[in-house]
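Just so it is clear: chains get the letters A, B, ... in the order the sequence lines come, proteins before strands, and each one is counted from 1. Just so it is clear, the values below take in all heavy atoms, side chains as well, and ignore hydrogens, waters and symmetry mates.
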Protein chains: 2
Amino acid sequence: MNTTIKDIAQLAGVAKSTVSRYLNGGNVSEKTKAKIRKVIEETNYEPNSFAQSLKAKKTNFIGVIAPTLDSYVTSTVLMAIDEELRKRDYTTLIISTSKHVDREIESLISLSRQKVDGIILIATGVTEKHIETINSIQIPVLIVAQEVVHCSCIINDDYHAGFKMGQYVSEKGHSAVAYLGVTESDIAVGQRRKQGIMDGLKEAGVSDLKTYISQFDLHDAARITQEMLESFTPTAIICATDTIAFGAMKTISKLGKTVPGDFSLAGFGGYNISEVIHPSLTTIRFNNEETGVMAAETIIKLTNGEDVPELQVSGFVFVEGESVKSVKS
Amino acid sequence: MNTTIKDIAQLAGVAKSTVSRYLNGGNVSEKTKAKIRKVIEETNYEPNSFAQSLKAKKTNFIGVIAPTLDSYVTSTVLMAIDEELRKRDYTTLIISTSKHVDREIESLISLSRQKVDGIILIATGVTEKHIETINSIQIPVLIVAQEVVHCSCIINDDYHAGFKMGQYVSEKGHSAVAYLGVTESDIAVGQRRKQGIMDGLKEAGVSDLKTYISQFDLHDAARITQEMLESFTPTAIICATDTIAFGAMKTISKLGKTVPGDFSLAGFGGYNISEVIHPSLTTIRFNNEETGVMAAETIIKLTNGEDVPELQVSGFVFVEGESVKSVKS
DNA sequence: TGAATTTATGGAACCGGTTCCCGTCGAGCG
DNA sequence: CGCTCGACGGGAACCGGTTCCATAAATTCA
């Protein structure tokens with residue numbers, strides 16, 4: 001049997017209310033304090049935080065729904081969120097959906113049942129059903145990585161990141177450029193990032209971009225690269241993520257070709273592994289820690305009923321590696 | 001204001017207890033059921049699970065304490081744990097300690113206050129203080145990745161994994177072997193794995209192993225490699241983890257040398273990136289999913305008061321890459 | 001048709017805390 | 001010395017559920 005506040009009160013010969021007052025810093029005489037302290041130490045008593053939140057109408061839980069845990073980006077953002085929330089005395093409740101979109105809906109409902117004070121949804125796509133659920137639960141929801149009207153969102157500056165990359169690649173003299181992208185249902189990566197790349201290329205005079213669609217995982221990227229190279233020979237391949245770039249690299253070296261000798265290659269993400277591999281990958285590093293901290297701060301504001309901007313944008317850094325070479329025109 | 005069971009009862013014109021019975025499948029007439037169902041749908045009512053667990057003395061929460069989220073091994077194990085626990089209607093409460101050991105203690109206490117039904121501790125080292133805390137909270141704790149007497153543990157078969165690797169490297173003809181290991185306070189990796197490697201090498205006739213100690217991160221590994229190569233020139237370098245191997249690889253290529261041309265290299269972990277880089281890394285792949293599932297199953301048994309073996313061992317697979325070459329003797 | 005069951009429902013207590021309200025006691029004051 | 005006031009501590013209600021118990025209604029059975 002667990003010790004409760006009642007037990008402590010009995011053992012110390014005082015009322016429950018007095019013990020509660022002692023724990024919460026109310027008016028208790030030194031003598032009583034000493035008695036209670038002694039009993040608590042002896043029994044290893046820990047207050048039941050469920051009972052506390054029941055009365056307090058506040059759980060100090062923030063739920064985070066993530067598509068997966070084993071991705072560099074997600075886990076970095078999660079770490080930062082967790083760190084920041086802990087500092088502010090919140091507990092992070094992480095739920096991974098293993099990329100099942102319907103599980104995102106389930107998780108929203110299940111978190112609302114846990115009475116979390118707020119929910120951070122790291123999204124890969126937001127459907128009508130999402131919006132509906134978000135509106136039906138009466139808990140503030142912050143969306144990270146996707147932009148949704150009338151919802152608080154934090155996104156990467158995908159457009160400008162793409163633009164920068166497009167510009168860079170075309171400045172290096174490439175004109176036969178392939179893009180290994182992802183599904184357009186992912187607005188951020190599938191649409192914004194791509195649009196940025198196209199505009200960046202165009203600005204420097206490259207108007208054609210052959211696009212191929214890959215999953216987010218390395219093996220599918222490798223497969224798509226293989227298919228692509230059978231019908232098209234670009235001088236540069238821009239990949240929607242670093243992981244996809246690694247997949248492409250795998251296929252390229254399997255075919256006995258080299259980067260950047262035969263193909264220039266670039267990605268997005270800035271995984272720390274990218275600088276180790278040879279050649280080091282030219283990529284865009286998004287500031288995931290910043291995103292995480294921003295997310296934590298914002299959701300707390302939301303739970304307190306404070307106003308927050310509907311859209312916040314997290315920055316990026318261009319990382320020049322060795323994987324893109326200059327070609328003579 | 002949140003809707004409660006009382007509200008539902010009033011709106012439906014029945015007693016709280018009837019609504020509760022309806023929700024939990026008790027005896028309720030069809031007519032009453034219909035009334036209640038209607039009200040619940042209209043109000044989007046979700047029962048407060050805190051209030052439920054308060055009475056039930058069971059939260060269906062399992063806490064998981066992990067040193068970090070942004071490591072391949074940890075996140076894979078976490079995913080598997082989460083997946084398996086969800087299947088069994090438990091909610092996973094993940095806490096990351098950002099490698100602060102004292103935060104592990106804190107987390108144990110804070111989880112006990114949340115009244116989780118059980119705790120999985122993914123450990124990098126277990127001190128006296130840990131044991132003390134584990135004993136003081138009255139919640140079952142399962143330790144993953146370290147072996148502790150009188151505690152339920154799940155570990156990798158580090159000794160035999162090391163043995164296999166030692167054997168392999170010496171069979172390839174290497175005799176000047178360096179080991180980039182980690183602190184001995186990490187029993188599993190720092191001691192067991194190393195002992196296995198030494199015994200594996202010895203069995204094939206190599207009795208000397210120069211050992212260097214690195215942190216778990218890539219940059220420190222790169223630095224230590226640099227230092228090492230200033231005073232010792234091995235033909236093979238065995239690294240305690242794949243990440244350390246990547247660090248070594250970084251230094252090696254910075255020095256203008258190649259793997260496996262100048263140095264053979266091996267790691268432990270089996271990250272999926274290992275097969276992409278060139279040359280692909282010879283490594284040991286531990287079965288992290290298996291560990292995760294086993295952990296979830298075991299902690300549930302523990303919470304139910306069932307007996308579990310004190311020590312369970314999770315398997316591994318040897319992955320032969322291109323990073324270790326044969327040398328003529 | 002009346003007695004014995006079974007089924008459906010309401011009322012109340014309980015889980016473990018917090019908090020409001022009120023009574024008591026001792027100290028300070030005139 | 002009596003009165004007032006503030007500090008202290010106890011009792012009880014409340015948070016939102018579950019569950020036991022009693023009672024009323026419906027059904028079965030003799």
Is any side-chain nitrogen or oxygen of A:Gln52 closer than 4.0 Å to OP1 or OP2 of C:dG16?
no
Whole-Å gap separating P (C:dT9) and OH (B:Tyr22):
13 Å
Nearest-angstrom distance from the residue atom NZ of B:Lys33 to P of C:dA8
8 Å
Between C:dA8 (C1') and B:Ile36 (CD1): distance, integer Å:
11 Å
Nearest-angstrom distance from the residue atom CD1 of A:Ile8 to P of C:dG16:
12 Å
Taking every non-hydrogen atom, the tightest pair across A:Val149 and A:Glu310:
C-OE1, 4.5 Å
Closest heavy-atom contact between A:Val313 and A:Met294?
O-CE, 3.9 Å
Which part of the nucleic acid, if any, lies within contact of B:Val14, taking any heavy atom under 4.0 Å across all strands shown: a base, the sugar-phosphate backbone alone, or nothing?
sugar-phosphate
Please confirm whether the shortest side-chain N or O distance from B:Asn27 to OP1 or OP2 of C:dA8 is below 4.0 Å.
yes
More than 12 foreign heavy atoms under 6.0 Å from CD of A:Glu128: is that the case here?
no
Looking at A:Lys35 and A:Glu42, is any side-chain nitrogen of the basic one under 4.0 Å from a carboxylate oxygen of the acidic one?
no
Comparing B:Lys31 with B:Ala51, nearest DNA chain C nucleotide closer to 5' gives the residue B:Lys31
I want to check one thing: is the phosphate of C:dT18, taken as OP1 and OP2, less than 4.0 Å away from some side-chain N or O of A:Asn24?
yes
C:dT9 phosphate, OP1 or OP2: any side-chain N/O from B:Ser29 under 4.0 angstrom?
yes
Taking B:Arg88 first and then B:Glu84, would you say they form a salt bridge - that is, a charged N and a carboxylate O separated by under 4.0 Å?
yes
In this structure, how many angstroms lie between the P atom of D:dT18 and the CZ atom of A:Phe50, rounded?
14 Å
The reported gap from CG in A:Leu93 to OG1 in B:Thr92 (rounded to nearest 0.5 angstrom) is 8.5 Å
B:Leu54 CG - D:dT19 P separation (whole Å):
12 Å
For D:dG17, does the base pair up with any side-chain atom of B:Lys16 as donor and acceptor (N or O, under 3.5 Å, distance only)?
yes
Need one value for A:Tyr45: base, sugar-phosphate or nothing, where a base atom within 4.0 Å counts as base even if backbone is also close, heavy atoms only.
sugar-phosphate
Looking across every strand, which nucleic acid part, if any, lies under 4.0 Å from A:Ser53 by heavy atom: base, sugar-phosphate, or nothing?
nothing
Assuming nearest nucleotide by heavy-atom distance, tell me which of B:Arg21 and B:Lys55 is located more 5' along DNA chain C.
B:Arg21
Let me know the distance between NZ of B:Lys58 and P of D:dT19, rounded to the nearest Å.
14 Å
Please report, rounded to the nearest Å, how far the P atom of D:dC14 is from the CD1 atom of A:Ile5.
19 Å
What nucleic acid atoms does B:Ser17 come within less than 4.0 Å of, heavy atoms only: base, sugar-phosphate, or nothing?
base
Winner on side-chain proximity to A:Thr32, out of D:dC8, D:dG10, C:dC15, is D:dC8
Need one value for B:Ser20: base, sugar-phosphate or nothing, where a base atom within 4.0 Å counts as base even if backbone is also close, heavy atoms only.
base
